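Just below is one structure, and these are the notes that go with it.
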Amino acid sequence: MTTIISQNLAFVAADRLWTDCDDNPAPAPFKKFYVLDDSIIFYSGYINAILAVLAFYIGDNIGIDEEYATLIGILSNMDEDICEFIEVDRKNGEVVYFQGATTTKNYNYIFYGAGSEYAIECYINNIQIITINGQIYDFIKYGDHFIKISMNSASIKDRCSGGGFDYIKWLEKELIVDKLNWLDTETIEQYNKKILRLIKENCGSKEELSELILMMDNERERDKEELEREIKSVDTSLAHEHNLTNNPQTKGGSRMNNSVKPKTRVAVKTSGSNKGVILDIASIKERIAKRKATERT
């Protein structure tokens, strides 16, 4: 699905490949990261969950308020869409917030997406090779090479990763090597309009979305009631059969051949990947509120 790896205060690298529901390569709807004035968001997962994340972070820039962003998040959660993302300080590379990403024991490395485990394993193994041979690992010296072979390793082992990659490094003395190829000020407005259009196409307007969620809630409530009726029906049927079996007049006789036992409904959840989490709406709202409070000071 995605390979994104990060070393806190050092680098973040993200592949570019998007796939369809059958894990086949598909045209990218947008980049796997978004550069804000003070931080950068890197994300992985299903598109509607990612659109919900973007709605919260850049809503003020595309005309989406918190209520609308919340509705997008609710729809994503109801559809059981999963995602993972990190927010990285643009000045020093510190991971200041994340959801769903996996961290190493010392919290120094963060990785997520289907191919990320291959990439981070390759990266750490190469560092260990350096140190075992008695050398001191120097990120400035080896970083570029290790990032490249790690991301390439993931694209070989995971069919849903690849398409090249973008990365950014934070070196000493506030030196930043930016290879993200982000948009210039002339094209960012059109890019934001594209994201807004995708939100409208996938989720609908604020009013339409509110009506859809209400309808889905009502439908789930009806399904719940129907399931409860079926369970009661099964219980009643089993009790009746039990009574017939214990009746001296019918004991040892065959059961009615024309009786059909209702099938019990089984809840099945699948997301196409074992990576990612359902978006924590309350947490991201708290994070955005904190960002806005900092901007006002």
Side-chain angles (χ1 to χ4, degrees), residues 1-2 4-14 30-104 106-113 116 166 168 170 176 180 182-183 188 191-192 195-196 198-199 202-203 206 209 213 271 275-297:
M1 204 150 82
T2 284
I4 298 178
I5 58 174
S6 168
Q7 182 178 357
N8 195 36
L9 302 171
F11 77 91
V12 184
F30 47 82
K31 294 178 180 288
K32 293 188 178 182
F33 55 88
Y34 194 101
V35 179
L36 304 167
D37 291 337
D38 58 344
S39 60
I40 309 171
I41 317 301
F42 294 86
Y43 33 76
S44 165
Y46 288 85
I47 187 169
N48 284 358
I50 294 172
L51 288 174
V53 172
L54 287 172
F56 279 109
Y57 273 95
I58 66 169
D60 291 343
N61 298 333
I62 59 177
I64 290 183
D65 58 19
E66 185 182 86
E67 183 183 4
Y68 192 0
T70 300
L71 290 171
I72 298 168
I74 291 172
L75 177 66
S76 168
N77 287 359
M78 293 179 78
D79 287 338
E80 297 181 346
D81 292 333
I82 56 173
C83 69
E84 304 155 296
F85 70 95
I86 60 174
E87 178 187 347
V88 183
D89 190 295
R90 196 171 171 182
K91 291 182 180 179
N92 59 16
E94 180 184 4
V95 178
V96 295
Y97 178 77
F98 67 89
Q99 282 195 31
T102 305
T103 61
T104 53
N106 59 4
Y107 294 96
N108 196 34
Y109 298 101
I110 293 180
F111 53 99
Y112 50 104
S116 63
D166 303 293
I168 183 169
W170 291 267
I176 300 174
L180 294 177
W182 185 238
L183 309 169
I188 189 65
Y191 187 76
N192 285 344
I195 291 174
L196 179 60
L198 282 169
I199 289 174
N202 288 19
C203 307
K206 183 178 178 180
L209 190 50
I213 290 172
S271 56
K275 301 293 181 182
V277 296
I278 297 295
L279 182 66
D280 187 334
I281 297 174
S283 179
I284 194 172
K285 287 171 74 171
E286 184 178 339
R287 174 57 192 162
I288 299 304
K290 185 176 180 180
R291 282 179 52 82
K292 290 183 177 181
T294 303
E295 291 171 0
R296 289 193 292 267
T297 58

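Fair warning: this is a prediction, and the values are worked out from it, not measured in the lab.
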Point to revise | Polar side-chain atom of Tyr43 near backbone of Phe33 as donor-acceptor pair, under 3.5 Å | key: yes
Check your understanding: Looking only at atom types and distance, does a side-chain atom of Arg90 sit under 3.5 Å from a main-chain N or O of Val35, one as donor and one as acceptor?
Key -> no
Review point. If only atom types and distance count, is the side chain of Ser116 paired as donor or acceptor with the main-chain N or O of Ile5 below 3.5 Å?
Key: no
Check your understanding: Do the side chains of Ile188 and Trp182 get nearer than 4.5 Å, heavy atoms only?
Key -> yes
Check your understanding: Can you find a pair of side-chain heavy atoms, one from Ile50 and one from Phe30, that are under 4.5 Å apart?
Key -> yes
**Study point:** CG-SG distance between Asp79 and Cys203, expressed to the nearest 0.5 angstrom
**Key:** 8.5 Å
Point to revise | Spacing of CZ belonging to Phe42 relative to OG belonging to Ser6, to within rounding of 0.5 Å | key: 8.0 Å
Exercise for review: Please name the residue in the list Ile58, Leu279, Ile72 that meets the side-chain contact (heavy atoms from CB on, under 4.5 Å) test with Val53.
Suggested key: Leu279
Check your understanding: Does Asp38 reach the side chain of Asp89, with side-chain heavy atoms less than 4.5 Å apart?
Key -> no
Practice item. Check for a donor-acceptor pair, side chain of Ser39 on one end and backbone N or O of Glu87 on the other, with a separation under 3.5 Å. Key: no
Point to revise | Residue pair Leu180 / Ile40, side-chain heavy-atom distance below 4.5 Å | key: yes
Check your understanding: For Glu94, does the CD atom sit with more than 12 other heavy atoms under 6.0 Å from it, leaving out its own atoms?
Key -> yes
Study note, to complete from the structure: Of all heavy-atom pairs linking Leu75 and Leu209, the shortest is CD2-CD1, 3.5 Å
**Study point:** Test item: side-chain donor near acceptor, Asn192 and Asn61, under 3.5 Å
**Key:** no
Check your understanding: Gln99 side chain to Ile86 main-chain N or O, any donor-acceptor pair under 3.5 Å?
Key -> no
Review point. Where do Tyr57 and Arg291 land on the side-chain contact (heavy atoms from CB on, under 4.5 Å) test, with the steps shown first?
Key: CA-CA 9 Å; Tyr57 273 95; Arg291 282 179 52 82; 3.7 Å; yes
Review point. Under 3.5 Å, is there a donor-acceptor pair between the side chain of Thr294 and the main chain of Lys290?
Key: yes
Practice item. Drop me the distance from Ile278's CD1 to Cys83's SG, to the nearest 0.5 angstrom. Key: 8.0 Å
Review point. Salt-bridged, Lys292 to Asp60, with N to O below 4.0 Å?
Key: yes
**Study point:** Nearest-0.5 Å distance that lies between atom CZ in Arg287 and atom CG in Asp280
**Key:** 14.0 Å
Review point. Less than 4.5 Å apart, any side-chain heavy atom of Trp170 and any of Val12?
Key: yes
Check your understanding: Can you list the steps and then say if Ile82 with Val277 is a side-chain contact (heavy atoms from CB on, under 4.5 Å)?
Key -> CA-CA 5 Å; Ile82 56 173; Val277 296; 5.8 Å; no
Point to revise | Distance in Å, Ile64 CD1 paired with Leu51 CG, rounded so as to fall on 0.5 Å steps | key: 8.5 Å
Check your understanding: So do the side chains of Phe85 and Ile284 get within less than 4.5 Å of each other, counting heavy atoms only?
Key -> yes
Practice item. Please test Phe98 against Thr103 for side-chain contact (heavy atoms from CB on, under 4.5 Å), starting from the C-alpha separation and ending with a verdict. Key: CA-CA 10 Å; Phe98 67 89; Thr103 61; 3.8 Å; yes
Check your understanding: Do Tyr34 and Leu54 have side-chain heavy atoms sitting under 4.5 Å apart?
Key -> yes
**Study point:** Reported CD1-to-CD distance for the pair Ile110 and Glu84, which is rounded to 0.5 angstrom
**Key:** 11.5 Å
**Study point:** Residues Asp166, Lys32: salt bridge by 4.0 Å N-O rule
**Key:** no
Practice item. With side-chain contact (heavy atoms from CB on, under 4.5 Å) as the test, would you mind laying out the steps for Leu183 and Lys31 before giving the verdict? Key: CA-CA 10 Å; Leu183 309 169; Lys31 294 178 180 288; 4.1 Å; yes
Check your understanding: Distance-only, no hydrogens or angles: does the Asn8 side chain make a donor-acceptor pair with backbone N or O of Val95 under 3.5 Å?
Key -> yes
Review point. Do Tyr97 and Ser283 have side-chain atoms, one donor and one acceptor, less than 3.5 Å apart?
Key: yes
